[in-house]
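Okay, so here's the structure we're looking at.
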Amino acid sequence: MSATARWFRRGDHMVMLGAFAGAFLLLALSTFTSWPVGAGGFDGAGTTTVNPVMAAQAGDCLNWTKPDLSDVAKVDCATQHLFEVTGVADISAAHGPQAPFPNDEQWQKISQEQCSRMSLDYLGGKFDPFGKYTVGPLNPGERLWAEGQRTLRCGLQVAGPAGGLLPAYGTARTQDQSDVYDPGVCLGITEAKSVGDPVDCAKPHTFEITGVVPMPPGEFVPLDQQDRLMVVECARLTAEYTGGADLKARGLLVTWDNRVEESWAAGSRLANCKVGAPPVDDTLLSAWEGSVRNPNAPPLTTSNPPQTTAVHQDEPTGAPLHSESNSSSSAPPSSGSKPPKSDETTTATTTTTPSR
């Protein structure tokens with residue numbers, strides 16, 4: 001296995017920060033979503049049905065599969081969902097009956113004013129500004145706005161590196177907020193040569209995740225000490241993941257992430273090991289295709305709730321995080337739940353972009 005290139009990891013981290021810095025701010029928004037028309041109104045029997053969004057309260061989780069949210073439904077937060085409600089905001093005082101429907105810039109301001117503090121309180125005052133969650137509103141949509149609806153649902157969503165909306169598992173209140181992915185996930189590449197959302201590993205991608213490392217508890221660990229931990233753990237996990245493949249022969253390197261003080265203060269303690277190609281001119285990330293995973297290795301397992309949405313598991317078994325053959329592997333904390341197991345692992349994530 002090739003030696004880790006420190007310059008590569010640092011350069012990658014800087015590119016990633018610049019690529020989707022909006023998702024790293026508490027005041028940032030994920031894609032603006034509107035309440036669907038088709039999820040309410042009258043059913044065939046002539047009785048009034050309740051729009052799940054309009055009935056949702058803090059602590060409820062919502063999921064949908066259609067881009068227009070017409071099939072939105074309240075679900076158990078332990079299962080796949082796209083939005084976790086952190087509170088309800090009435091903006092009628094500032095936006096009267098004749099007020100026009102806000103544009104995106106105005107919605108961002110509304111979210112800053114209404115949803116930021118509400119969501120921070122919901123999380124107990126701890127929010128990782130570099131973590132996996134973004135804050136945003138579910139707005140009424142233009143039709144209901146025209147009818148006088150001025151109530152928003154503020155909430156938390158998981159966004160990919162390129163801003164795509166990703167499913168979440170488990171309530172954000174008890175989650176480690178680290179922006180990590182499970183082994184086997186490949187992150188795509190954008191037109192700007194920065195990190196993209198999860199893709200099938202057969203497609204061009206910047207990184208393939210080979211492991212998740214839990215940082216030690218307690219006080220913040222300086223970055224140089226984190227590096228000393230990660231270089232050892234990532235070498236071990238990547239060797240296990242690849243079956244000891246010669247990455248240098250493929251022009252690939254082992255790299256990893258760190259947790260900064262702001263993330264540490266929010267309780268984030270997980271970091272990824274990954275494989276990637278050296279960047280172009282030390283700045284732009286390089287794309288490569290195919291997986292480095294050992295094709296003869298047992299099926300991967302994932303944490304419960306999953307650290308990413310690209311790997312779906314069925315039955316909780318207590319199996320280790322990285323592979324069934326590695327019983328000594330230490331899985332990261334997962335809200336007290338045992339890691340589940342699956343016979344099938346997929347690395348292609350379907351991204352749903354709700355209508356505005």
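Just so you know, residue 1 is the first one in the sequence shown, and it goes up from there. Because the structure is a prediction, the values reported are computed rather than measured.
Remark: side-chain polar atoms of R150 are paired, donor with acceptor, to backbone N or O of G96 under 3.5 angstrom. Counting only distance, with no hydrogens or angles, the side chain of T206 and the backbone of G188 share a donor-acceptor pair below 3.5 Å. Judged by distance alone, with hydrogens and angles left aside, the side-chain atoms of D128 form no donor-acceptor pair with the main-chain N or O of A266 at under 3.5 Å. Remark: the backbone N or O of M215 is not paired with any side-chain donor or acceptor of R259 at under 3.5 angstrom. Judged by distance alone, the side chain of Q226 and the main-chain N or O of N258 form no donor-acceptor pair under 3.5 Å. No donor-acceptor distance shorter than 3.5 angstrom exists from the side chain of W64 to the backbone of A73, with no hydrogens or angles considered.
Between V53 and L69 the shortest side-chain heavy-atom distance does not fall below 4.5 Å. By the 4.5 Å heavy-atom criterion applied to side chains, Q177 and S268 are counted as neighbours. In this structure, V72 and F83 have side chains that are not in contact, with every pair of non-hydrogen atoms separated by 4.5 Å or more. A 4.5 Å side-chain heavy-atom check between N272 and V212 finds at least one atom pair inside the cut-off. A 4.5 Å side-chain heavy-atom check between L152 and P140 finds at least one atom pair inside the cut-off. Side-chain contact between P137 and I110: absent, with no pair of heavy atoms (C-beta onward) separated by less than 4.5 Å. Contact check for T86 versus C115: no side-chain heavy atoms found under the 4.5 Å cut-off. Residues L187 and H205 are not in side-chain contact: their nearest non-hydrogen atoms beyond the backbone lie 4.5 Å or more apart.
For D90, the side chain to side chain donor-acceptor pair (under 3.5 Å) partners two or more places apart in sequence, or in a different chain, are S92. Residues passing the side chain to side chain donor-acceptor pair (under 3.5 Å) test with D60 are K74, sequence neighbours excluded. The side chain to side chain donor-acceptor pair (under 3.5 Å) search around E147 returns R143, not counting sequence neighbours. Partners of Q114 according to the side chain to side chain donor-acceptor pair (under 3.5 Å) rule, which considers only residues two or more places apart in sequence or in another chain, do not exist here. Residues satisfying the ring pair (Phe, Tyr, Trp, His ring centres under 6.0 Å) test with H81, not counting sequence neighbours, are none.
Here CG of D197 is found 9.5 Å from CG of L165. Values are rounded to the nearest 0.5 Å. For the atom pair Y133 OH and S178 OG, the distance stands at 10.5 Å (nearest 0.5 Å).
Applying the disulfide bond (SG atoms under 2.5 Å apart) test to pairs two or more places apart or on separate chains, those with a residue in residues 67-109 are C61-C77.
A distance below 6.0 Å separates the ring centres of F101 and W107.
For the pair K274 and D257, the salt-bridge criterion is met [side-chain N within less than 4.0 Å of a carboxylate O].
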Quick one, D246 with R250, criterion salt bridge (Lys or Arg N to Asp or Glu O under 4.0 Å). Give me CA distance, side-chain angles, the key distance, then yes/no. CA-CA 7 Å; D246 184 358; R250 291 189 57 178; over 6 Å; no
